[in-house]
Each structure stands twice: as C-alpha cells, then as structure tokens.
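Below: the structure, in structure tokens.
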Amino acid sequence: MDETTLRRRSEIFGAEEDGRFTFPAVGDERTLLAHVLAAQRATLELKCTGLNAELARRPVEPSTLSLLGLVRHLADVERRWFRAVLAGQDAPARFSSPENPDGDFDGAAPDPEVITGAWQAWREEVAFADAYVAQAPHLDVEGHDAWRGPVSLRWVLIHMIEEYARHNGHADLLRERIDGARGL
C-alpha cells in the first residue's frame, strides 16, 4: 500500500478500538447474531454522533436520503420484523404508510422534536427486538410476512444485519458529505 492508502485507512479506522466489534467470535448462534446486530446498530448511532439539525441534511440531491431518514427507516424496519411479523402485533409503521411509503425519509426534517422522536422510536423498537430475541425459545420461531411468507427469527436477525450493514454504508457517505468525518 502506498502512503496515501495507509493514511486514509488509519483515518477511517483510527488508532483506538471503539468496542463495537470486540465481542467473542465463538459462541452459540443466537449470541453471535445478537452481538453482530448490536454492533451494526451501534455503528448507525456512531455515524450520527455530534449532529443535530444536520441529521436531516440531504447532501446528494435529488436523493431524499439523510441520516435522520435512515434512523426513521430503521425504526420502522425493526418494528415491522420484530413486532408485526414475529410477535404478531398490530404495529403499523411509525413514519411511513401505504399512502406515504417514503414518509420515513420525506418527513426527516431538521426540527428538534422530529429528531428526538426518531431516536426515541428507534430506541423503543431496538429494546423490543432485543427483549424478543432474548425471550424466544429458539431461532426457529416463525412469523408470517405477507411478502416472504413464513420467516424464522434466525432469518430476521440475518436480514436485519444485512439491512443495517447496507444502510451504514449509506451513512458513511452521507456523513462524509455533511462534515468530512470518516471512520466513525
């Protein structure tokens, strides 16, 4: 690697370990999946650290993608898979609807109440999901999804890891466009 690559790599990864991915790499499947998902969730929070109204900024016009939109979207995704599909609750999305399917992103406004509400909703949904995973008797617990049909808790956990990883990639680029921060 040349000096530029090394410099950028150290700028991205930093010198200090932040602890998100320091959990054991061996263990039972539920524990490993839960740890990886928790690390992906922590990554989203880290990408948004230190920002307030900037969370709603859409730095790549005409896209409606924003960090706040991602928080709102992922709150709805957590809610859908864990509450509605697996737990069978009547739990409509908080930020989007059939009439406004992009409400999670379109409604991401730089208003302190909107920002606070998004984080509160996300944290509530994450807490519900974590409790559900901890209390489930096994990973083969199934729910029914209108789109996929029967899905297991195992599949939902894998899907959620993929969902966060993909959107954390978006968050990397959004954050860098907002304030130049890399490696968060």
Would you kindly confirm whether [X] and [Y] end up in one hydrophobic cluster when ILVMFWY residues are joined by side chain heavy atoms under 4.5 Å apart?
| X | Y | answer |
| --- | --- | --- |
| V151 | I158 | yes |
| L139 | F128 | yes |
| L173 | L55 | no |
| Y164 | L86 | yes |
| L32 | M160 | no |

N/O donor-acceptor pair under 3.5 Å between [X] side chain and [Y] backbone:
| X | Y | answer |
| --- | --- | --- |
| R72 | A121 | no |
| R154 | E29 | no |
| D76 | S96 | yes |
| R57 | I178 | yes |
| T49 | E45 | yes |
| R175 | L67 | no |
| R79 | P92 | yes |

For residues [X] and [Y], determine if any side-chain heavy atom of one lies less than 4.5 Å from a side-chain heavy atom of the other.
| X | Y | value |
| --- | --- | --- |
| V133 | L33 | no |
| R94 | W122 | no |
| L174 | P59 | yes |
| L65 | V60 | no |
| L44 | H167 | no |
| D102 | T64 | no |
| L74 | R41 | no |
| W81 | E163 | no |

Heavy atoms only: give me the nearest [X]-[Y] pair and the separation to one decimal.
| X | Y | value |
| --- | --- | --- |
| A75 | F95 | CB-CE1, 4.0 Å |
| A56 | A108 | CB-O, 3.4 Å |
| F23 | A39 | CE2-CB, 4.1 Å |
| L68 | A118 | CD1-CB, 3.6 Å |
| A84 | A91 | CB-O, 4.2 Å |
| S66 | R58 | CB-CG, 4.0 Å |

Near-ring test F105/H73, centroid separation under 6.0 angstrom:
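H73 vs F105: aromatic centres under 6.0 Å.
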Return the [atom1] to [atom2] distance between [X] and [Y], rounded to the nearest 0.5 Å.
| X | Y | atom1 | atom2 | result |
| --- | --- | --- | --- | --- |
| E142 | L153 | CD | CG | 10.5 Å |
| R80 | Q89 | CZ | CD | 15.0 Å |
| L46 | R20 | CG | CZ | 5.0 Å |
| D172 | R177 | CG | CZ | 14.0 Å |

Let me see the working for F82 and V156 under side-chain contact (heavy atoms from CB on, under 4.5 Å), right down to the final yes or no.
CA-CA 8 Å; F82 290 102; V156 169; 3.8 Å; yes
Are W119 and R123 close enough, and set up right, to give a side-chain contact (heavy atoms from CB on, under 4.5 Å), and what steps lead you there?
CA-CA 6 Å; W119 281 115; R123 287 188 177 96; 3.2 Å; yes
I'd like to know whether H170 forms a side-chain contact (heavy atoms from CB on, under 4.5 Å) with L70, so could you lay out the CA-CA distance, the side-chain angles of the two residues, the decisive distance to 0.1 Å, and finally the verdict.
CA-CA 9 Å; H170 297 137; L70 289 174; 4.2 Å; yes
